[in-house]
Structure formats: C-alpha cells, structure tokens
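Order of appearance sets the numbers: ligands from 1, and atoms from 1 within every ligand.
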Amino acid sequence: MTQTIAEIKNPALSIRDLSIAYDKNYAVKNVTVDIKKNTVTAIMGPSGCGKSTLLRALNRMHELYENITTEGKVLLHEENIYDMSTIKLRRQMGMVFQRPNPFPTMSIFDNVIAGYKLNGNSLKKKEKDEIVERSLRDVALWDEVKDSLHKKGTFLSGGQQQRLCIARALAFGPEIILMDEPTSALDPIATSKVEDLLVKLKEHYTIILVTHNMSQAARISDYSLFMYLGELVEYGKTKNMFTNPKDPRTEQYLTGKFG
Ligand SMILES: Nc1ncnc2c1ncn2[C@@H]1O[C@H](COP(=O)(O)OP(=O)(O)OP(=O)(O)O)[C@@H](O)[C@H]1O
C-alpha cells in the first residue's frame with residue numbers, strides 16, 4: 001500500500017488502524033490515513049467497499065446500526081473521537097447526505113439553525129439572524145432565498161435544498177464536512193453549482209467526500225483514497241493517482257474494468 005501517513009503535516013484528521021464490522025463481517029479493515037487540512041479528499045471504490053461506513057464512522061453515525069464493532073482510533077486535535085461526546089464531535093464534523101433532506105416541517109430559516117435547536121442551545125434573535133445569513137451566504141443561497149426565509153425548505157429546487165443542507169452543516173462552524181455522494185440526486189447544473197461551492201468552501205473547511213463519480217473526483221478533489229473490499233488500497237494526490245496509479249486494482253477501477 002502507498003504511504004498514507006507522515007507525508008501530511010498537521011493533518012485535519014488522523015485515522016489509525018480503523019476497523020469496523022457489522023456483526024462479525026468487516027466492512028472497513030485497518031485503515032490508517034491522515035487527511036490534509038483545507039482540501040477536498042475523495043473516497044472512491046466499487047459498491048460495497050466500505051466508503052459510506054468509513055465516512056459515517058468519522059462522526060460516529062455508524063453507531064446507529066446494531067451489532068457494530070469499532071476498533072482503532074480517529075484523532076481530531078489529538079483527541080480520539082471515540083472518547084468524545086457525540087455532540088462535541090458533530091459540532092466539528094458536519095454531515096451532508098446523498099438526498100437533500102431539509103426538515104420538511106421547518107422553514108428555510110429554522111432548517112439552517114436546526115442543529116442548535118436539537119441540541120437545546122438557545123440563541124438570541126440577533127445571533128440566529130447572523131448565523132442564518134452567514135451560512136446561506138457561504139453556500140451562495142442567500143440572494144436566492146432572503147425574501148422567503150420563512151417558507152418551507154422543501155419548496156426549493158433539489159439543488160437549492162442540497163445547498164440548504166450544506167448551510168445547515170456549516171451553521172455550527174465545523175472544521176470538517178463529511179459528504180456522502182452529495183450530488184448523486186442532482187441534475188448536471190445543480191451538480192456543477194455544488195462542485196463549485198465545495199472548491200470555495202475548502203478555503204475554510206476540510207471536505208471529505210464519498211463519490212462514485214470518478215470525473216467528479218478528478219475535477220474537485222485534491223487527494224483521493226481508493227478502497228477495495230474494506231481496505232485502503234491507495235491514497236495520494238488525485239492528479240498522481242489518476243495519471244499514475246500505484247496499485248493494479250486502482251488502475252483497473254479508474255479505467256472502468258470493475259466498479
Ligand atoms: N447496516 C448494515 N448492516 C450490515 N451490513 C452492512 C450495513 N451497512 C453496510 N453493510 C455492509 O458493509 C459493506 C460496506 O458497505 P458500505 O455501504 O459502507 O459500502 P459503500 O462502498 O459505501 O457501498 P455503495 O457504494 O454501494 O454505497 C457491504 O458489504 C455492506 O453490505
């Protein structure tokens with residue numbers, strides 16, 4: 001396997017010997033990797049190779065499943081996330097899912113600050129207004145929705161809903177944003193807007209993105225991780241991996257021989 005650590009100074013996240021099993025079946029096996037700050041890192045690989053399980057393990061969403069075993073560590077500022085409260089962890093590690101999922105009964109405004117409400121944090125009106133405007137500006141949605149903030153989030157187009165969900169993830173001021181195929185339910189124009197947005201957001205955030213779409217990984221990611229049967233086969237700069245893959249399995253995947 002390619003060298004995965006020691007190349008990256010002051011990483012955003014250090015994954016160490018992470019293994020995850022459903023019952024006794026390992027979906028992620030001994031993954032060790034450092035994620036570089038202020039980059040987009042793509043997790044790629046064929047269906048069932050453990051991409052989503054690995055991503056969910058980074059904010060402990062995988063613990064929602066029964067009979068799950070987790071071994072190893074994930075270090076955020078040298079603290080193991082498995083020893084942290086999930087509330088603290090998820091403030092630092094926002095998550096965006098495949099299908100835009102704004103809370104259907106809530107307005108656009110309330111969707112953005114939903115995390116605060118769910119965690120029982122009460123905010124003054126001025127603070128709420130500031131967080132909502134900042135988060136919606138960050139996802140380039142403010143101008144489109146500023147006159148309809150109190151309408152339901154579900155009245156927006158699919159692409160706008162996904163940007164609203166990204167705004168909701170940003171509202172807490174996380175360091176890292178985890179994204180599980182965030183454009184797979186969007187049309188090409190909405191996809192391109194979200195991709196442009198991710199490239200801008202990496203100035204302030206670290207983005208870890210699961211994608212099936214190799215051209216998307218090539219377009220927007222700085223680093224790529226290739227997984228196969230739960231193992232991390234190859235990790236490196238996306239440009240190098242696409243032009244000169246080190247492992248034959250990576251090459252076969254990138255040239256469409258399986259997947
Ligand atoms: N809740 C679950 N219970 C049992 N096994 C699971 C569960 N979720 C995933 N698995 C298994 O773990 C392995 C990895 O699944 P995972 O969804 O992480 O892969 P993936 O690479 O994200 O797949 P895809 O690209 O199809 O979404 C698969 O063998 C899958 O069947």
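From the protein, the heavy atom lying nearest to atom 27 (O) of ligand 1 is S52 OG, 4.0 Å. The nearest protein atom to atom 3 (N) of ligand 1, hydrogens excluded, is given as Y22 CD2, 3.4 Å; this is a heavy-atom distance. Protein heavy atom closest to atom 19 (O) of ligand 1, with residue, atom name and distance, is G50 N, 3.2 Å. Protein heavy atom at the shortest distance from atom 28 (C) of ligand 1 is G48 O, 3.7 Å. Residue, atom and distance of the protein heavy atom nearest to atom 26 (O) of ligand 1 are S47 OG, 2.5 Å.
Only the side chain of H212 comes within 4.0 Å of ligand 1, counting heavy atoms alone; its backbone N, CA, C and O stay farther away.
Between the side chain of T206 and the backbone N or O of N38, at least one donor-acceptor pair lies under 3.5 Å. Between the side chain of D23 and the backbone N or O of N25 there is no donor-acceptor pair closer than 3.5 Å.
If you check the side chains of E71 and Y26, you find a donor sitting under 3.5 Å from an acceptor. Side-chain atoms of E181 and T211 include no donor-acceptor pair closer than 3.5 Å.
Ionic pairing of E79 and K88 is present here: one or more N-O contacts between side-chain nitrogen and carboxylate oxygen are shorter than 4.0 angstrom.
On a distance-only criterion, E181 and ligand 1 share no N/O pair closer than 3.5 Å.
At most 12 non-hydrogen atoms from other residues, nucleotides or ligands lie less than 6.0 angstrom from NZ of K193.
Contact atoms of ligand 1 toward A27: 12 (O), 13 (C), 14 (C) (distance under 4.0 Å to a heavy atom of the residue). Of all atoms in ligand 1, listed by their number and element, those nearer than 4.0 Å to a heavy atom of Y65 are 1 (N).
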